[in-house]
Amino acid sequence: MYSDLEYLEVPLPEDIQKMKCHGDFETVRRVIGRRLRSELPSALRKRLELEQEVLLRIPEQYPYSWEQACAILKENIADFRDEELTAFWEDNMVEWVYVEGKVRFHRKFLDNLMKTRPQLAARNLHPVNQKDQNVNYELLDASIAEMKQKGELNYYFHIRSTMQIQESARRIGETIQVHLPIPLEYAQVRNFKLLSVSMEPIRVAPPDYPQRTVCFETTLEENQKFAVEYEFENHLEYQNMEPSRVLDAQPAFYTEELPPQIHFTPYLRMLAAEIIGDEKNPLLKAKKIYEYITAHVMYSFVRSYSTITDLTSYVACGRKGDCGIQALLFITLCRIAGIPARWQAGLYATPYEVGEHDWAQFYIAPYGWLFADCSFGGTAKRNGAAERWEYYFGHLDPFRIPLSSEFQHEFAVPTGHFRNDPYDNQDGEAAYADRNLTSAEFKTVHEALELRQIE
């Protein structure tokens, strides 16, 4: 595990926190540099060193000023009025930070509004993605119906993942270490085969390694691409879960805290108690948690996880978050309630798209490991798709590629630096001898070369 991340629970000194909240990032970095040259408790020193990494990653994710955001909204939303942005901001509908004391908006703020607010999507002047979204929902509904009818659904995947270093970050002739994710051979994955690699790797992580990658190490060349190609089968079964069949004796594994993100704060304990009430049945407890999150947490694109020091409090208090943060809240609340819960994440891949996605698993005897996708479930609930909403408590669609089974896990070959994403593993990582690259410095593309249903 990434043990140093636990030091994110050490509070920042008040003066540094005030500078950070105001967006004085250059000043904060300079002040932290001065503090690190003085004598400090070891825990505070580690916290400040981590904060230097965090601060490097925030400003690049917020490119738009208030005026630029207004202009973008007017270009895309019919009859948009300036005061609407004020309402979005005050109602926490858009992701933003202060940079030098001025509001700056996240690079995906428009996509987020169109994805989550039907009333705005209806005013979209360029509704090119609405049709694709509807096709995706039709595919999911058809797959769910077939899964229930047959009791199982199996798919074959042939995937290629390619990473290239962005031109601004290329240090030609220097040694670079590159990690590209591949599926774990566990749970729903069967018959995995690594078909090809762009060069001989220094290591392929073991089949069940919690964040599995193919690791390359080489001298970087101009326009170099790193690639892996693989195939596997995804096998999923449908279970009718009956609360009356739940056993009295339940396991205690995967019920512990994992600082700094899976932690049982007083507020989260109170929230879990309020959600669960007097319910004693573990399956119904988990269902209450799922129902709460899907009804009260709005999907939202967020900045990179490495820049949010307390992900579960972020979503529990702000009541917004993306798929991974919602999954993490579900896992944490389940663990507080004594229900084993763990991470599963990777890609969502259909014949129409391949994208990053996170979800959760929880364990109920005698059923074993079950799935919970609060993000897909919440979308279904908002769209009035009751059957799909019910389905994502306990089950998954077959269009998943699990690349991670543990949150906050180190690679089999550590990069030696603070990773771009120290918690998850969807697009891989790249590192020079002195530092890891950030998300803006490399690009990974996942392609579904073949995807078909099998018997």
Side-chain angles (χ1 to χ4, degrees), residues 107-108 111-112 114-115 128-144 153-164 166 178-185 187-198 211-214 225-236 299 301-302 304-305 322-324 326-327 343-359 371 373 375-376 379 388 392 396-405 420-421 424-430 439-440 442-454:
R107 59 187 178 222
K108 290 187 176 181
D111 294 339
N112 192 73
M114 293 300 187
K115 179 182 178 71
V128 292
N129 294 324
Q130 190 64 41
K131 181 178 178 181
D132 293 340
Q133 192 176 69
N134 291 337
V135 168
N136 181 62
Y137 294 153
E138 290 170 3
L139 175 66
L140 292 178
D141 290 339
S143 298
I144 290 169
L153 205 54
N154 310 317
Y155 267 77
Y156 167 85
F157 292 79
H158 180 181
I159 303 294
R160 179 169 59 215
S161 298
T162 306
M163 179 192 290
Q164 188 167 24
Q166 302 285 29
V178 168
H179 291 261
L180 280 171
I182 56 175
L184 285 78
E185 298 177 53
Q188 64 265 50
V189 173
R190 299 183 192 174
N191 301 323
F192 170 85
K193 185 176 181 181
L194 186 60
L195 299 175
S196 68
V197 291
S198 55
Q211 291 199 9
R212 194 182 186 200
T213 69
V214 174
K225 294 182 178 181
F226 303 89
V228 295
E229 199 169 315
Y230 57 84
E231 65 179 5
F232 73 97
E233 295 173 8
N234 201 347
H235 291 250
L236 286 172
Y299 185 91
F301 294 121
V302 300
S304 59
Y305 289 1
D322 67 2
C323 54
Q326 292 186 40
W343 186 256
Q344 193 180 82
L347 303 175
Y348 172 71
T350 73
Y352 313 111
E353 63 174 323
V354 181
E356 301 172 353
H357 193 49
D358 304 324
W359 55 95
F371 297 98
D373 192 325
S375 170
F376 273 38
T379 298
R388 199 185 323 140
Y392 281 109
L396 277 186
D397 56 75
F399 307 110
R400 308 299 174 104
I401 305 177
L403 306 173
S404 300
S405 63
N420 173 61
D421 187 346
D424 204 359
N425 174 39
Q426 293 165 319
D427 285 340
E429 298 278 346
S439 59
F442 68 90
K443 183 177 182 180
T444 303
V445 176
H446 305 285
E447 304 169 86
L449 303 181
E450 185 180 1
L451 198 162
R452 55 180 167 81
Q453 188 173 342
I454 57 176

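Everything numeric in this text was worked out from a predicted model, so none of it was measured.
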Requested in this report: Carefully, step by step, assess Tyr348 and Asp358 under the rule side-chain hydrogen bond (donor to acceptor under 3.5 Å, both in side chains).
Outcome: CA-CA 9 Å; Tyr348 172 71; Asp358 304 324; over 6 Å; no

Report task. Find out whether Tyr156 and Leu451 are in side-chain contact, i.e. whether some heavy atom of one side chain is under 4.5 Å from a heavy atom of the other. Result -> no

Requested in this report: Using atom types as modelled and distance alone, determine if a side-chain donor or acceptor of Ser375 lies under 3.5 Å from a backbone N or O of Cys323.
Outcome: no

**Report entry** Close side-chain approach of Phe226 to Leu180, heavy-atom, < 4.5 Å
**Finding:** yes

Query - From CA spacing to verdict: salt bridge (Lys or Arg N to Asp or Glu O under 4.0 Å), Asp373, Arg400 - result: CA-CA 11 Å; Asp373 192 325; Arg400 308 299 174 104; 2.9 Å; yes

Query raised in the report: Can you say whether the rings of Phe157 and Tyr155 are parallel (under 30°), tilted (30 to 60°) or perpendicular (over 60°)?
Result: tilted

Query - Check: Leu194 and Val214 side chains under 4.5 Å, non-hydrogen atoms - result: yes

Report summary line: Tightest non-hydrogen contact, residues Asp424 and Ala345, listed as OD1-CB, 3.8 Å

Report summary line: Rounded to the nearest 0.5 angstrom, the CH2-CG distance for Trp343 and Asn425 is 11.5 Å

Report task. Kindly indicate, with the supporting measurements, whether the criterion side-chain contact (heavy atoms from CB on, under 4.5 Å) is fulfilled by Leu236 and Phe371. Result -> CA-CA 11 Å; Leu236 286 172; Phe371 297 98; 3.9 Å; yes

Query raised in the report: Any Lys/Arg nitrogen of Glu185 or Arg190 sitting under 4.0 Å from an Asp/Glu carboxylate oxygen of the other?
Result: no

Query raised in the report: Which value, rounded to the nearest 0.5 Å, describes the distance between Ile401 atom CD1 and Glu356 atom CD?
Result: 12.0 Å

Report task. Please assess Gln453 against Leu153 for the test side-chain contact (heavy atoms from CB on, under 4.5 Å), listing each intermediate value before the final yes or no. Result -> CA-CA 8 Å; Gln453 188 173 342; Leu153 205 54; 3.2 Å; yes

Requested in this report: Spell out, as yes or no, whether a donor-acceptor pair under 3.5 Å connects the side chain of Tyr305 to the backbone of Gly324.
Outcome: yes

Query raised in the report: Any chance the side chains of Gln188 and Gln344 put a donor and an acceptor closer than 3.5 Å?
Result: yes

**Report entry** Ala448 versus Ile159, closest heavy-atom pair with distance
**Finding:** CA-CD1, 3.7 Å

Report task. Please name the pair of heavy atoms, one in Leu184 and one in Ser405, separated by the smallest distance, quoted to 0.1 Å. Result -> CD2-OG, 3.3 Å

Report summary line: Here the pair of heavy atoms bringing Gln426 nearest to Pro181 is O-CG, 3.2 Å

Query raised in the report: Under a 4.5 Å cut-off applied to non-hydrogen side-chain atoms, are Arg212 and Leu403 in contact?
Result: no

Requested in this report: Please round to the nearest 0.5 Å and tell me the distance separating atom OG of Ser143 and atom CD of Glu138.
Outcome: 11.5 Å

**Report entry** Salt bridge present between Lys193 and Glu231 (N-O < 4.0 angstrom)
**Finding:** no

Query raised in the report: Does the side chain of His446 pick up a donor-acceptor pair with the side chain of Asp427 at under 3.5 Å?
Result: yes

Requested in this report: Using side-chain hydrogen bond (donor to acceptor under 3.5 Å, both in side chains) as the criterion, point out the one residue from Glu447, Glu229, Glu450 that pairs with His158.
Outcome: Glu229

Query raised in the report: Would you call Thr350 and Leu139 a side-chain contact if the rule is heavy atoms closer than 4.5 Å?
Result: yes

Query raised in the report: With side chains defined as the heavy atoms from C-beta onward, is the minimum distance between Arg107 and Phe301 less than 4.5 Å?
Result: no

Report summary line: Scanning both residues in full, the closest heavy-atom pair of Pro183 with Phe192 reads CD-CE1, 3.5 Å

Query raised in the report: Side chains of Ile182 and Val228: closer than 4.5 Å at any heavy-atom pair?
Result: yes

Query raised in the report: What's the verdict on side-chain contact (heavy atoms from CB on, under 4.5 Å) for Tyr299 and Gln326, showing C-alpha distance, side-chain angles and the deciding distance?
Result: CA-CA 8 Å; Tyr299 185 91; Gln326 292 186 40; 3.9 Å; yes

Query raised in the report: Heavy-atom distance under 4.5 Å between the side chains of Lys443 and Gln166, does that happen here?
Result: yes

Report summary line: Nearest heavy-atom contact between Pro402 and Val189 is CG-CG2, 3.4 Å

Query raised in the report: So how far is it from Asp397 CG to Arg388 CZ, rounded to the nearest 0.5 Å?
Result: 10.5 Å

Query raised in the report: Which one of Phe399, Tyr392, Tyr137 satisfies the ring-ring contact (aromatic ring centres under 6.0 Å, His included) criterion with Phe376?
Result: Tyr392

Report summary line: So CG of Asn136 and CD of Glu353: to nearest 0.5 Å the spacing works out to 5.0 Å

Query raised in the report: Is it true that the side chains of Asn191 and Glu233 contain a donor and an acceptor less than 3.5 Å apart?
Result: yes

Report task. Could you tell me the separation between the CD atom of Glu429 and the CG atom of Asn420, rounded to the nearest 0.5 Å? Result -> 5.0 Å

